[in-house]
Amino acid sequence: MTAPADSPGLTTDLVRRARALHGRLPDHVMSSARLHLLDALGVGTLGARSGPLRGLDRVVTVAHTGGRSTVLGSSATAPASVAALVNGSYMHSLEFDDTHVASVMHGSATLAAAALAVAEEVGATGTAMLSAYALGWEAIIRMGLASPGTLQARGFQTTSAAGPFAASLVSSLLHDDAEQVAVDALGIAGSMPGGTFAFLADGDTIKAGQPAWAAHSGLWAAELARAGMTGPSRVLEGDLGFFSLYAGDADAPARLADELTTLGERWHLPDAAFKMIPCCHFIHPFVEALGLVMDDGVEAADIASIHCHVPRGALPIIADPWSGRQSPRTPHDARWSLPYVLAGRAVDGRVGLDLFSQPIGGERLDLSRRITHEVWDDSGFPARFPARLRVTLTDGRSVDASVDDVLGGAGRPVPAGDVLDKARANLAAAGLADDRVDQVVAELIDAAAPDLARLGRALGAAGG
């Protein structure tokens, strides 16, 4: 569906609404933004210290110099686009970063990386950074809700496909660009979406870099617009628009237009889910369901087999091919393995970061090979992430368990105290001394207006 010729394009409408709201967000949205940004920085700092991409900061020292933006895990600073690339990769590398469930967007890996880097570069206030970050989230969520599940069904990671648009918006807001420059930035960003699920074949770590590349690309789109390059104002709609080409959904622009009418009235960021275990979010409800069985006195040695009902939309990510998921190639690859993560939960009694750093094998692999699955067509996915499984015990009994939606979704929020505990634990595990952990939390959660210079110094070089 194409908008009437005399109406503004979707990018113009989005830019106008975001510019009018910037710096005027409700307190509960700003509070949510503070908590999500803290979570992202905790996960990213830990990823820099102990994730599969540690050492990525050499991109800064080898290829780029100068810049004012913090690089997590390093004492170096970098240009905003480079810092966003490195930091966003770290934020996503542990599969421990937040997700908006219904839109399937890992927003912070793109938007926290973009907002912090640009805010430091231009000397913006912490309040302005949080506002732009939240509005970027609102934009990317609405893009996902306009065509739920379709980008992923066509093989694209949703965040990396839609992320350049939201990141360019964040940059334009923090640079206080004129409306036309911001519209051009989003139009230019339309030449930059990407990020396929091809990494699943071998468990490659490029997946972590995809939302980060979206941040990097979006910041460059805005720079190019400020330098005079122009972009199509109707890049999201029409036969050659984003939704037709990437989602195969000609009706999505009309749905996005409807979503944009609620911007400023309906806020989605407070519904975004925090991850409390470090693996693909689609697996989380299955871990919880198995926990319900095991908390009733079942031990790993008591389990003969487990049978899972897997939502069809989640199959390509956590279940296909099943034999490959039963025997992950690497510990990092196990982050997307439903059977291996469940086996880890049964054998270890929990799912922690160590599951994804220890060699594949032993009791976990043995049990993983005794887990089966079938397709679940009417699960309600992706509006919710449910789970259903049956555990057959060695004595012949069977126990069923189900979870209606993932913990942390809109209907099951994670308490703020648990998110703070997670962030503190991650920052400490990354090597930050207690006083520096306290400073990061104080700046983002307690300060009336976060001081970005103090925040950057507190993050510094983890363990340094």
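This is a predicted model, so every value here is computed, not measured. FYI, the numbering just counts along the sequence from 1.
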Handout entry: Criterion side chain to side chain contact (heavy atoms under 4.5 Å, CB included) on Val181 and His175, from CA distance to verdict
Key = CA-CA 10 Å; Val181 173; His175 277 268; over 6 Å; no

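- Counting heavy atoms from C-beta on, the side chains of Pro386 and Pro285 never come closer than 4.5 Å.
- No side-chain donor-acceptor contact under 3.5 Å links Ser69 to the backbone of Ala83.
- In this structure, the side chains of Leu173 and Arg19 come closer than 4.5 Å at one or more pairs of heavy atoms.
- Between the Arg24 side chain and the Ser131 main chain, no donor and acceptor come within less than 3.5 Å of each other.
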Problem - Chi angles and distances behind the side chain to side chain donor-acceptor pair (under 3.5 Å) call for Asp98, Ser108 - result: CA-CA 7 Å; Asp98 51 14; Ser108 287; 2.7 Å; yes

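- Remark: the backbone N or O of Gly67 is paired with a side-chain donor or acceptor of Thr77 at under 3.5 angstrom.
- Put simply, the side chain of Ser217 gets close to the backbone of Trp213: a donor and an acceptor are under 3.5 Å apart.
- Of all non-hydrogen atoms in Cys280 and Ile318, the two that sit nearest each other are SG-CG2, 3.8 Å.
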Exercise for the section: Just do the side chain to side chain contact (heavy atoms under 4.5 Å, CB included) check on Leu455 and Leu41 with the steps written out, would you? Expected result: CA-CA 10 Å; Leu455 179 62; Leu41 291 176; 4.2 Å; yes

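- Between Phe242 and Phe165, the angle of the ring planes goes over 60°, which puts this pair in the perpendicular group of the 30/60° scheme.
- Proximity of a side-chain donor or acceptor of Arg329 to a complementary backbone N or O of Ala201 within less than 3.5 Å is detected.
- Residue pairs meeting the salt bridge (charged side-chain N to carboxylate O under 4.0 Å, His left out) criterion with at least one member in residues 154-177, sequence neighbours excluded, are Asp177-Arg226.
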Exercise for the section: Dump the intermediate steps for side chain to side chain contact (heavy atoms under 4.5 Å, CB included) on Tyr340 and Leu355, then the final yes or no. Expected result: CA-CA 10 Å; Tyr340 197 81; Leu355 176 62; 4.0 Å; yes

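- With hydrogens and angles disregarded, no donor-acceptor distance shorter than 3.5 Å links the side chain of Ser168 to the backbone of Gly218.
- A pairwise comparison of heavy atoms in Leu174 and Ala115 identifies CD1-O, 3.7 Å as the closest pair.
- Looking at Val375 and Pro311, their side chains never come closer than 4.5 Å, going by heavy atoms from C-beta outward.
- Listed for the Ser50 side chain is no donor-acceptor partner under 3.5 Å among the backbone atoms of Gly47.
- Classified by interplanar angle (parallel below 30°, tilted 30° to 60°, perpendicular above 60°), the ring pair His281/His284 is tilted.
- Pairs passing the ring pair (Phe, Tyr, Trp, His ring centres under 6.0 Å) check and including a residue from residues 97-132, sequence neighbours excluded, read His92-His106, His100-His268.
- The number of heavy atoms from other shown groups lying within 6.0 Å of CG (Asp27) does not exceed 12.
- For the pair Asp405 and Arg412, the salt-bridge criterion is not met [side-chain N within less than 4.0 Å of a carboxylate O].
- Remark: side-chain polar atoms of Asp97 are not paired, donor with acceptor, to backbone N or O of Ala40 under 3.5 angstrom.
- When all heavy atoms are compared, the tightest approach of Ser89 to Leu56 is CB-CD2, 3.5 Å.
- Ion pairing of Arg17 with Asp13 is present here, as a side-chain N (NZ or NE/NH1/NH2) and a carboxylate O approach within less than 4.0 Å.
- Contact annotation: the side chain of Leu338 approaches that of Cys308 to within less than 4.5 Å [non-hydrogen atoms, C-beta and beyond].
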Problem - Intermediate values then yes/no, side chain to side chain contact (heavy atoms under 4.5 Å, CB included), Val419 and Leu38 - result: CA-CA 9 Å; Val419 181; Leu38 174 64; 6.0 Å; no

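- Within a 6.0 Å radius of CH2 in Trp220, other residues, nucleotides and ligands contribute 12 heavy atoms or fewer.
- Proximity of Leu111 to His36: side-chain heavy atoms (C-beta onward) are nowhere separated by under 4.5 Å.
- Counting only residues at least two apart or in different chains, side-chain hydrogen bond (donor to acceptor under 3.5 Å, both in side chains) contacts with residues 109-123 comprise Thr70-Glu120.
- Taking Arg68 as the reference, nothing meets the salt bridge (charged side-chain N to carboxylate O under 4.0 Å, His left out) condition, with sequence neighbours excluded.
- Under the 6.0 Å cut-off for aromatic ring centres, Trp336 and Phe197 do not qualify, their centroids lying 6.0 Å or more apart.
- Without hydrogens or angle criteria, Ser244 side chain to Gly238 main chain gives a donor-acceptor distance under 3.5 Å.
- Side-chain atoms of Asp320 and Trp322 form no donor-acceptor pair, as typed in the model, at a separation below 3.5 Å.
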Return all side-chain donor-acceptor pairs below 3.5 angstrom for residues 142-150, not counting sequence neighbours, or 'none' if the list is empty.
{"unit_1": "Arg142", "atom_1": "NE", "unit_2": "Glu259", "atom_2": "O", "d": "3.0"}
{"unit_1": "Arg142", "atom_1": "NH1", "unit_2": "Glu138", "atom_2": "O", "d": "3.4"}
{"unit_1": "Arg142", "atom_1": "NH1", "unit_2": "Glu138", "atom_2": "OE1", "d": "2.5"}
{"unit_1": "Arg142", "atom_1": "NH2", "unit_2": "Thr262", "atom_2": "OG1", "d": "3.0"}
{"unit_1": "Arg142", "atom_1": "NH2", "unit_2": "Arg266", "atom_2": "O", "d": "2.7"}
{"unit_1": "Ser147", "atom_1": "OG", "unit_2": "Thr150", "atom_2": "OG1", "d": "2.4"}
{"unit_1": "Ser147", "atom_1": "OG", "unit_2": "Asp249", "atom_2": "OD2", "d": "2.6"}
{"unit_1": "Thr150", "atom_1": "OG1", "unit_2": "Ser147", "atom_2": "O", "d": "2.9"}

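- The side-chain heavy atoms of Pro253 and Leu10, taken from C-beta on, include a pair separated by under 4.5 Å.
- Inter-residue side-chain proximity for Lys207 and Glu95 is flagged as met; some heavy-atom pair is nearer than 4.5 Å.
- Shortest non-hydrogen contact noted between Leu21 and Leu263 is CD1-CG, 3.7 Å.
- Applying the side-chain hydrogen bond (donor to acceptor under 3.5 Å, both in side chains) rule to pairs touching residues 179-195 yields Arg16-Glu179, Gln180-Asp184, sequence neighbours excluded.
- The minimum heavy-atom distance between Gly44 and Tyr90, with the atom names listed, is O-CB, 3.4 Å.
- Using a 4.5 Å cut-off on side-chain heavy atoms (C-beta onward), Val43 and Lys275 make no contact.
- Listed for the Ser81 side chain is no donor-acceptor partner under 3.5 Å among the backbone atoms of His216.
- Of all the heavy atoms in Phe356 and Cys279, the pair that sits closest is CZ-CB, 3.7 Å.
- Ionic pairing of Arg454 and Glu443 is present here: one or more N-O contacts between side-chain nitrogen and carboxylate oxygen are shorter than 4.0 angstrom.
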